[in-house]
Amino acid sequence: MDLSFTPEQEAFRAEVRAFMAANLPKRISEKVRLGKRLSKQDSEDWNAILNDRGWLAANWPKEYGGAEWDAVQRMIFEEEACRANAPRLVPFGLTMLAPVLFAFGTEEQRQRFLPKVLNNEHWWCQGYSEPGAGSDLAAVKTRAVLEGDHYVVNGQKTWTTLGQHANWIFCLVRTNPEAKKQEGISFLLIDMKSPGVTVRPIVLIDGEAEVNEVFFDNVRVPVENLVGEQDKGWTYAKYLLTHERTNIAGVGFSQAALATLKTVAATTMAGGRPLAENPHFAARMAQVEIDLMAMQTTNLRVVSAAAKGQAPGAESSMLKVKGTLLRQELTSLLRRAAGPDAMPFLPEYLEGGDNQLPNGPEHAPSAAPTYFNMRKLSIFGGSNEIQRTIISKSILEL
Amino acid sequence: MDLSFTPEQEAFRAEVRAFMAANLPKRISEKVRLGKRLSKQDSEDWNAILNDRGWLAANWPKEYGGAEWDAVQRMIFEEEACRANAPRLVPFGLTMLAPVLFAFGTEEQRQRFLPKVLNNEHWWCQGYSEPGAGSDLAAVKTRAVLEGDHYVVNGQKTWTTLGQHANWIFCLVRTNPEAKKQEGISFLLIDMKSPGVTVRPIVLIDGEAEVNEVFFDNVRVPVENLVGEQDKGWTYAKYLLTHERTNIAGVGFSQAALATLKTVAATTMAGGRPLAENPHFAARMAQVEIDLMAMQTTNLRVVSAAAKGQAPGAESSMLKVKGTLLRQELTSLLRRAAGPDAMPFLPEYLEGGDNQLPNGPEHAPSAAPTYFNMRKLSIFGGSNEIQRTIISKSILEL
Amino acid sequence: MDFNLTEERAMLQDMLQRVLAETYDHEARRKLLAEGKPYDAEVMAKLAELGVLGALFPEEVGGFGGAGFDLSVVFEELGRAGTIEPILGNAVLAGGLVAALGSEDQKAMLNEVIAGQAILAFAHSEPTARYDLNQISTKAVAEGDKIVLTGTKAHVLNGAEANMLVVSAREAGEDHDQDGISLFVVPADAEGVMITGRLNIDGTAAAMIQLEGVVLDTSARLGEPGKAYDAIETAVARAILAVCAEALGAMEAAKDLTINYLKERKQFGVAIGKFQALQHRMADLLIEVEQARSAVVNLAGNINAPRDQRERYVSAAKNLVGRAGALVAEETIQMHGGIGMTDEYALSHFARRLVMIDHLFGDVDHHLERFIALNAA
Amino acid sequence: MDFNLTEERAMLQDMLQRVLAETYDHEARRKLLAEGKPYDAEVMAKLAELGVLGALFPEEVGGFGGAGFDLSVVFEELGRAGTIEPILGNAVLAGGLVAALGSEDQKAMLNEVIAGQAILAFAHSEPTARYDLNQISTKAVAEGDKIVLTGTKAHVLNGAEANMLVVSAREAGEDHDQDGISLFVVPADAEGVMITGRLNIDGTAAAMIQLEGVVLDTSARLGEPGKAYDAIETAVARAILAVCAEALGAMEAAKDLTINYLKERKQFGVAIGKFQALQHRMADLLIEVEQARSAVVNLAGNINAPRDQRERYVSAAKNLVGRAGALVAEETIQMHGGIGMTDEYALSHFARRLVMIDHLFGDVDHHLERFIALNAA
C-alpha cells in the first residue's frame with residue numbers, strides 16, 4: 001500500500017503541467033476558468049495543439065496516432081488539464097466511437113475514420129437516445145432497412161450533445177423489428193450531410209442549445225458504414241457503457257471547481273467578512289473538500305484495480321453517483337457564493353463575444369447557468385437511479 | 001386564517017399549565033426531564049392524578065369518565081404535558097383499545113373494561129406484531145379455535161411494548177385459516193393471567209427490556225372477550241391505525257427536547273465557549289427549530305382539518321415521517337452535546353435507584369440510550385417506508 | 001385558530017388560479033423572453049384588472065387588502081402560474097414603502113400602480129452589499145434647498161421598466177449604520193439617472209442604476225430624514241413573505257407537473273411512478289412542500305407582529321423555503337430526466353425561479369445565521 | 001502508487017478475519033457484558049497470540065509493525081469482529097507513547113503488553129475537557145526529588161483493567177497551554193490512585209481516575225518535562241486512525257448483516273431486498289462505506305507525514321467516518337426493522353460502537369471545525 005506516485009508518474013505529471021503552461025491558449029483557458037461557453041473553433045484549436053504533441057487520443061494505440069497511456073497516466077493528464085483550465089475533450093470520436101472501432105470495426109473503417117477524428121475533419125456525435133426512451137437505451141425505434149447496398153434510415157434521435165457542430169453521427173438503429181428489444185439493433189455510422197438529416201437544437205434550462213434532436217428521413221447509408229455485424233449493435237453499445245470510463249468520477253473537474261470556489265469565497269465579502277470565514281459556508285466547503293479527498297482515493301483504487309485487469313463493475317457506478325453529486329454540490333456552492341450577482345443572465349458575456357462585465361465579479365455570470373447545466377450529470381450517461389440499481393443488484397444478487 | 005388560539009383555548013392552556021405545576025410530582029417530572037426510565041408505579045401514580053381531575057382519557061366521552069376534548073384541546077394538553085415533563089401516557093388502554101370498544105364493542109364490554117383502564121386495575125398491551133411479520137400486520141399466524149364457549153389460542157406475539165407490566169392484552173388472532181390474509185382475523189381480549197400465557201422480555205439496543213415476546217400455549221379465552229364479529233378483526237385493527245392519531249407528529253415531545261437541548265448547549269463548554277456558540281452546532285439546532293416551527297403549524301393544520309371532520313389521509317403519514325425524523329435528530333443532537341460523557345452506560349442511574357451521578361452532567365447518561373431507543377420511532381407504528389408508500393400512492397394513484 | 005382563508009381571499013385565490021390556468025401561457029412567456037422583453041403589458045393589465053395589485057394595498061391608499069394573507073394568496077398563485085410581470089419590486093417594495101411613509105401627495109401615485117398604469121421600482125441594494133440591507137453608500141447631500149443623490153444601485157427589480165424610483169440614500173452615518181438612511185421618490189427620467197436593464201436567468205428583469213448628481217426637491221423625500229431603515233426592513237419582510245409564497249406556488253406547480261409525469265411516463269414498460277425509489281423521494285418532497293406551506297402561513301400570520309418576533313419568522317421562512325425550493329427544483333428535474341432540463345417544458349421555468357428566489361433578500365445560510373442571532377438577542 | 005497490502009499484511013488480515021470469524025462469538029461477549037465484565041482474558045490472550053498487539057509496535061520495541069497500514073489492517077478486523085478487548089488505550093495510546101518517548105527501561109514494559117500479559121492505560125482527558133487535548137489541569141509538582149500528581153482523569157479507556165497508567169500532568173503553564181504538559185508512568189496500585197471503572201454503552205470499558213497526591217520518582221517521567229504535547233497529538237492521531245479503521249470494519253459487518261437480511265427476509269411475499277427504495281438507499285450506503293475506506297487509506301498513508309499534513313487527514317478521516325458511521329448505524333437498523341434494535345442481534349453492537357466512536361477523540365463537528373482551521377493556517 002503506497003499512496004505516492006512513481007518517479008515516472010511524477011515526471012509525466014510535470015511534463016503535462018509544463019505542456020499546459022506553454023501551449024494552452026489563454027483565450028481558451030480563461031473561458032474555461034470563467035465557465036464561459038466554448039466555440040467549435042476553441043475545441044478544434046485545442047484538439048490540434050494536443051494532436052501535434054500526440055496527446056489527443058489518450059487511450060488509442062500508438063500505431064493509430066494515440067498516446068496509449070495507462071489508466072493512471074490518463075488520470076494524471078485529466079487532473080492537470082482540469083487544473084490548467086483546459087477544455088474538456090469532446091468524447092464522441094475519441095473515447096466513444098474509437099474504442100468500438102478498435103474492438104468491432106474493420107481495419108478499413110479504422111483507417112477511414114480515425115485519422116479524421118484526430119485532424120478535426122470529422123466531428124462526431126452520438127445517436128443513442130430517442131424521444132420517450134430515457135434511460136431505456138435499448139428502446140430503439142429508428143428503423144434502418146437494407147435496400148441493396150444501402151440502409152435506408154428513418155426515425156429520430158434526441159439529446160444529441162453538440163450535434164450542431166457534428167458532421168458524422170454513430171447511431172443505434174433497429175434492423176430487425178421482430179427480434180427482442182436488445183436484439184435486432186445495429187451500429188451505423190452516418191454522414192450528417194446526407195440528404196434527409198435534419199438537426200434541431202434544444203434550448204436547455206441554462207439558456208444554451210447544447211443538445212439537439214436529429215431527424216432521419218429516408219437517409220441512405222452505405223452498408224460499409226455498418227460496424228460489426230447487423231443486429232449485434234447492442235453488444236457494441238453496452239461495451240461503450242461499461243468500458244472506457246476512467247474519468248467517470250470527474251475528480252479533476254471537482255478539484256478545479258474547488259480551487260475556484262476557494263478563491264471566490266476568499267475574495268467575496270459577505271456580512272463584513274470574507275465568505276470563506278462565514279462558518280456555515282466554510283462548513284459546506286470543507287465537507288465537499290473532505291469528501292473529495294476520499295473520492296480521489298476511491299477513484300485511484302478503482303483505476304488501479306482496472307489497470308491490473310480487474311473489470312470495474314459496481315465500482316464505476318459508485319464513482320458516477322458520488323462523483324456527480326460532488327460536482328453538483330460544487331456548482332451549487334459557486335452559485336450561492338455569487339449571491340445576488342448570480343441572477344443576471346448574460347449570454348453575450350457567456351459566449352465570450354463581449355468581455356465587458358455589466359456588474360458583479362467575473363465568475364458570477366456563469367454560476368447559475370453552470371449549476372443548472374450540471375443537473376445533467378445525474379441524468380445523462382445512465383441516470384444516478386440506474387446506477388444505484390446496478391450497485392444494489394450487484395451486491396444483493398436479487 | 002388566524003394563528004392565534006381562542007380565549008377559551010388560551011384559558012384551557014393556562015388551566016392545564018397550572019394543573020401540571022400543582023399536581024405533577026417532582027419525583028416523576030425529574031425522571032422525565034433527565035430521560036430516566038419510569039417505573040410501573042410512576043405511570044400508575046400519574047394516571048391516578050389525572051383521573052382524579054377527569055383528564056386521563058382525553059378522547060373518551062364524558063359518560064365513560066373521559067374528558068371529551070376536541071383535537072385542539074388534546075394538542076394543547078400534549079404540549080403542556082411535555083413542557084412540564086409529564087410522563088407520556090401509556091396508550092394501549094386509553095387510546096387504542098377504548099376507541100375500538102366505542103366503535104365496535106358491546107356496551108357490556110365497555111362497562112366491563114373501561115373503568116378498569118381508568119383506575120389502573122388493567123394495564124393493557126397490544127398483541128399485533130408477530131415474529132417475521134414486520135410491517136405486514138395482516139400476516140397473523142396466532143390461531144384461535146372456537147371450542148364451545150371458549151377460543152383456544154396458540155401462537156406468539158412480539159414487540160409487545162411494556163408487556164411486562166400488563167395484565168391484559170388485545171390480540172389479533174386468526175380464526176379462519178382458509179380465508180384471504182386480511183380476512184379471517186379476529187380481535188380478542190385476553191387475560192394475561194390465563195394459564196398458558198408466557199412473557200419473555202427482549203433487551204433492546206439501549207440496554208432496556210422495553211418490549212416483550214408473548215407466547216400463547218392453549219390459552220382458553222371466553223367468547224365474550226371477542227370484540228365485534230369473528231373474522232372481522234382486521235377492520236377494527238385498521239380503524240386504529242388510521243384514527244385517533246392526533247399526536248403522531250410528537251410536536252410536544254420535540255418542543256420539550258429542543259428546550260432541553262438549548263439549555264444543555266448553553267451550559268456545556270466546548271473548545272473554550274458554550275456549545276451553543278459553536279456555529280456548526282448552533283446551525284444544527286437552528287435548523288431543527290425552524291423545521292419544528294413549521295411542523296407545529298403543519299400539525300395544527302391537519303388537526304384543525306380533522307376537527308372539521310375532514311379525514312386525515314396521507315397527511316397523518318407526512319406528520320409521522322417528518323415528526324419522527326425531527327425527534328430523532330433532536331436525540332442525536334442531545335447525544336452529541338454530551339460529548340465523551342455520552343459513553344458511560346449507567347443503568348442504575350437511569351432506573352432512578354441511585355441518584356449519585358458518577359461523572360458528567362445530569363443529562364448525559366440518558367443521551368445515548370434515548371438516541372438508540374428512539375430509532376424505534378421510524379420503525380414501529382408503521383415504518384417510515386410504509387408511510388412514504390402511503391403518501392405517494394395517495395398522490396400518484398398508481 | 002383557523003386555517004381557512006376568509007371567504008374573500010378564498011374567492012380571490014380560486015379566481016386567480018382559474019383565470020391564470022386558463023389564460024397565462026408558458027410558451028408565450030418563453031417567446032417574450034426570447035425577444036428580450038421583460039414582461040407582457042397585456043398580462044400586467046389583466047392582473048391589475050383581476051385585483052392582484054389592489055389586494056397588496058390597504059383600503060386607505062385605494063387597495064382592498066395589504067395584510068399578510070393577502071400577499072401570500074396572491075403570490076402563491078403568481079408563483080403557480082409562473083408570471084414574470086412587475087409586481088414584487090413595484091407594489092410590495094416600492095409601493096409598500098410609499099404606502100407606509102408617503103405623504104398624501106406621494107400616496108396618490110399608488111392609484112396608478114393599483115390600476116397597473118404605473119410601475120415603481122425600489123433602488124436600494126448596492127453592488128457589493130450582497131444581502132445586507134444597511135450597506136448604503138449612495139449619498140444624499142443637501143445643497144441649498146435641494147438634495148443631490150450620487151451612487152450606484154444594483155439588481156433593482158424592474159428598474160428599467162419603472163416610471164418612478166424609490167431610492168435609498170445616506171444622509172448621515174457610516175456605510176453599515178442603520179441610522180441616516182433616507183428614501184426619495186425619483187422619476188426614472190430625471191437628469192443624472194442612468195438605467196441599464198437586463199433579464200435575470202429566471203425571466204424576471206432587473207437593472208443597474210447609476211445616480212450621478214441627481215437633483216431633487218426636499219419634497220421628494222419619503223418619510224423622515226435618516227429614519228427609513230425600519231420601514232425598509234418591514235418592506236423587505238413583506239417582500240420575503242411574497243417570494244416565499246411565490247416559491248410555494250412554484251413548488252406546487254413543479255410538483256403537479258412531476259406527479260403527472262410519473263403517472264404518464266413509461267419506462268421499461270411501466271409508469272415510472274411505479275418505481276418505489278421515486279415514490280419515496282416524491283413522498284419526502286411532498287412533506288417538504290407542506291412544511292414550506294406552514295412556514296408561509298407562519299410568516300403571513302406574524303407579518304404585523306413586533307419586529308423581533310416578525311423577523312424570526314422571516315428568517316425561518318426564508319431558510320426553510322430556500323431549502324425546500326432547491327430540493328423541489330433538483331428532485332423534480334431529476335425525476336423527469338432530460339425533458340425536465342429543456343427550456344420549452346414549463347418545469348425549467350419553475351426550477352429556475354425556485355433556485356433564484358434563494359438569491360433574493362438573503363439565502364439559506366444568510367437567514368440561518370440571522371435566525372441564530374435573533375434567537376440569541 | 002499501489003493499493004494492495006504487502007504480502008505480510010494481507011496474510012495478517014486474512015488470518016485475523018478468518019480466525020475471528022471462526023472463534024469470536026457475539027453471544028459470548030453479550031453474556032460477558034451482562035455480567036459486568038469488561039473483557040475476556042482468553043480472547044485477549046488469543047489476540048496477542050495472533051500477533052494483534054505485536055503488529056501495532058515497531059521492531060525496536062519487540063513488535064513487527066507499527067506503521068499506519070498495520071494499525072488500519074488490525075483495527076479493521078477487530079471492528080469487523082466487534083471485539084471489546086483492551087487494545088486501543090493499551091497498545092496504541094499508552095503503549096505508543098511509551099514506545100515513542102520511553103527510556104530503554106521504560107520500553108521494556110512493552111514486551112508484556114505485546115505478549116498480552118500487561119495492560120496499560122492512558123489517563124489524559126479531564127472531566128470538562130471534552131475533545132480538547134490541551135486542557136490539562138492535573139498538576140505535577142516537584143517536592144524535593146519527588147514529583148506529586150494531583151487531579152482527575154475521565155473516560156480512561158480500560159483504566160480499571162490496567163496494570164500501569166501513562167498519566168499526563170501539567171508541570172508549567174495555564175490550562176489550555178500546549179507547553180508544560182508532561183507524561184508519567186504510574187502503577188495502577190500506587191498510593192493515592194483511585195480508579196472507578198464502568199462499562200460504556202458500546203461494551204468498551206473506561207474509568208474515572210482520581211490522583212490525590214501520588215508521589216513519583218522523576219524516573220517515572222516519560223520523555224522531557226513539559227514537552228509531551230506533540231507526542232500526545234501524534235498518539236491520538238494514531239488512535240484516530242485505529243478507531244476509523246475499526247469503524248470501517250464495523251460498517252462492513254453491519255453492511256454484510258444487512259445484505260443477508262435483505263436477501264432472506266420476506267415481507268408481503270417477497271425478499272425486502274427487492275424493494276427499490278431499500279436498494280437505492282443500500283447503494284448510497286455502500287458508496288459511503290467505500291468513501292470511509294478511502295479516508296482510512298488516506299490517513300494510514302499520511303500518518304507519518306509532517307504534522308500539518310497529517311492532522312488535515314486526521315480531521316478529514318474522523319469527520320467522514322463519523323458521518324458514514326452514523327449513516328450506516330441508522331440505515332442498517334432501519335432496514336432491519338425491530339430485529340435490528342434487539343440486543344441479541346449482533347447489529348446492535350456494531351451500531352452502538354459506530355455511533356460511540358464519534359464520541360472518541362472529537363466528533364464530526366469538532367473535526368470539521370478543526371479541518372477548516374488547519375486549512376486556514
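Note that this is a predicted model, so its numbers are computed, not measured. In the text below, chain A, chain B and the rest are named by the order of the sequence lines, each starting its count at 1.
Contacts between M269(A) and chain C at a heavy-atom distance below 4.5 Å involve the backbone alone (N, CA, C, O). For E330(C), the parts lying near chain A are the backbone and the side chain together; criterion is any non-hydrogen pair under 4.5 Å. Only the side chain of L275(A) comes within contact range of chain C, judged by heavy atoms closer than 4.5 Å. For a residue to count as touching a neighbouring chain, one of its non-hydrogen atoms must lie under 4.5 Å from one of that chain's; by this rule T196(C) does not touch chain A. No part of A205(C) comes within reach of chain A, as not one of its non-hydrogen atoms sits under 4.5 angstrom from that chain. Neither the backbone nor the side chain of T158(A) comes within less than 4.5 Å of any heavy atom of chain C. Only the backbone of L199(C) comes within less than 4.5 Å of a heavy atom in chain A; its side chain stays farther off. Heavy atoms closer than 4.5 Å to chain C are found in the side chain of R284(A), but not in its backbone. Contacts of L33(C) with chain A are absent, with no heavy-atom separation under 4.5 Å from either backbone or side chain. Heavy atoms closer than 4.5 Å to chain A are found in both the backbone and the side chain of D365(C). For A338(A), the part lying near chain C is the backbone, with the side chain staying farther off; criterion is any non-hydrogen pair under 4.5 Å. Heavy atoms closer than 4.5 Å to chain C are found in both the backbone and the side chain of A342(A).
Considering all non-hydrogen atoms of both residues, I333(C) and G340(C) come closest at CG1-O, 3.9 Å. When all heavy atoms of E174(C) and R170(C) are compared, the pair lying nearest together is O-CZ, 2.8 Å. Here the closest heavy-atom approach between residue C125(A) and residue T160(A) is recorded as SG-CG2, 3.5 Å.
By the 30° and 60° cut-offs, the orientation of the rings of F275(C) relative to F268(C) is perpendicular. Between F170(A) and F92(A), the two ring planes are tilted [angle within 30° to 60°].
Annotation: maximal heavy-atom pairing with chain C below 4.5 Å, among K376(A), H280(A), R388(A), occurs at H280(A). With respect to chain C, the highest number of heavy-atom pairs below 4.5 Å among S383(A), S129(A), A133(A), P131(A) belongs to A133(A). Per-residue heavy-atom pair counts under 4.5 Å with chain A were compared for E344(C), R265(C), H349(C), and the maximum is reached by R265(C).
Distance alone, capped at 3.5 Å, is enough to place a donor-acceptor pair between the N134(C) side chain and the H176(C) backbone. The closest donor-acceptor contact from the side chain of S332(A) to the backbone of Q328(A) lies at 3.5 Å or more, if one exists at all. H155(C) places no side-chain N or O within donor-acceptor distance of the main-chain N or O of A206(C), the cut-off being under 3.5 Å. Remark: the backbone N or O of S168(C) is paired with a side-chain donor or acceptor of K153(C) at under 3.5 angstrom. Side chain of Q279(C) to backbone of G273(C): a donor-acceptor contact under 3.5 angstrom is found. For T332(C) (side chain) and V328(C) (main-chain N/O), a donor-acceptor pair under 3.5 Å exists by modelled atom type.
For the salt bridge (Lys or Arg N to Asp or Glu O under 4.0 Å) test, residues two or more places apart in sequence or in another chain that qualify with R281(C) are E385(A), E331(C).
Interface residues of residues 370-377 of chain C toward chain A, defined by a heavy-atom distance below 4.5 Å and sorted by number: I372(C). Contacts of residues 352-362 of chain C with chain A at a heavy-atom distance below 4.5 Å involve R352(C), V355(C), M356(C), D358(C), H359(C), L360(C), listed in sequence order.
The 12-atom threshold is exceeded at CD of E212(C), counting heavy atoms of other residues, nucleotides or ligands nearer than 6.0 Å. The number of heavy-atom neighbours closer than 6.0 Å to NZ of K181(A), taken from other residues, nucleotides and ligands shown, is above 12.
A cation-pi arrangement is absent between K157(A) and Y128(A), since the terminal nitrogen or guanidinium carbon is not both under 6.0 Å from the aromatic centre and inside a 45° cone about the axis.
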Taking only distance into account, with no hydrogens and no angle test, what donor-acceptor pairs under 3.5 Å do side-chain atoms of residues 202-209 of chain A form with protein atoms, sequence neighbours excluded?
{"unit_1": "D206(A)", "atom_1": "OD1", "unit_2": "E208(A)", "atom_2": "N", "d": "3.2"}
{"unit_1": "D206(A)", "atom_1": "OD2", "unit_2": "N373(A)", "atom_2": "ND2", "d": "3.0"}
{"unit_1": "E208(A)", "atom_1": "OE1", "unit_2": "R37(A)", "atom_2": "NE", "d": "3.2"}

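L334(A) is not listed as a side-chain neighbour of Y371(A), based on a closest heavy-atom distance of 4.5 Å or more.
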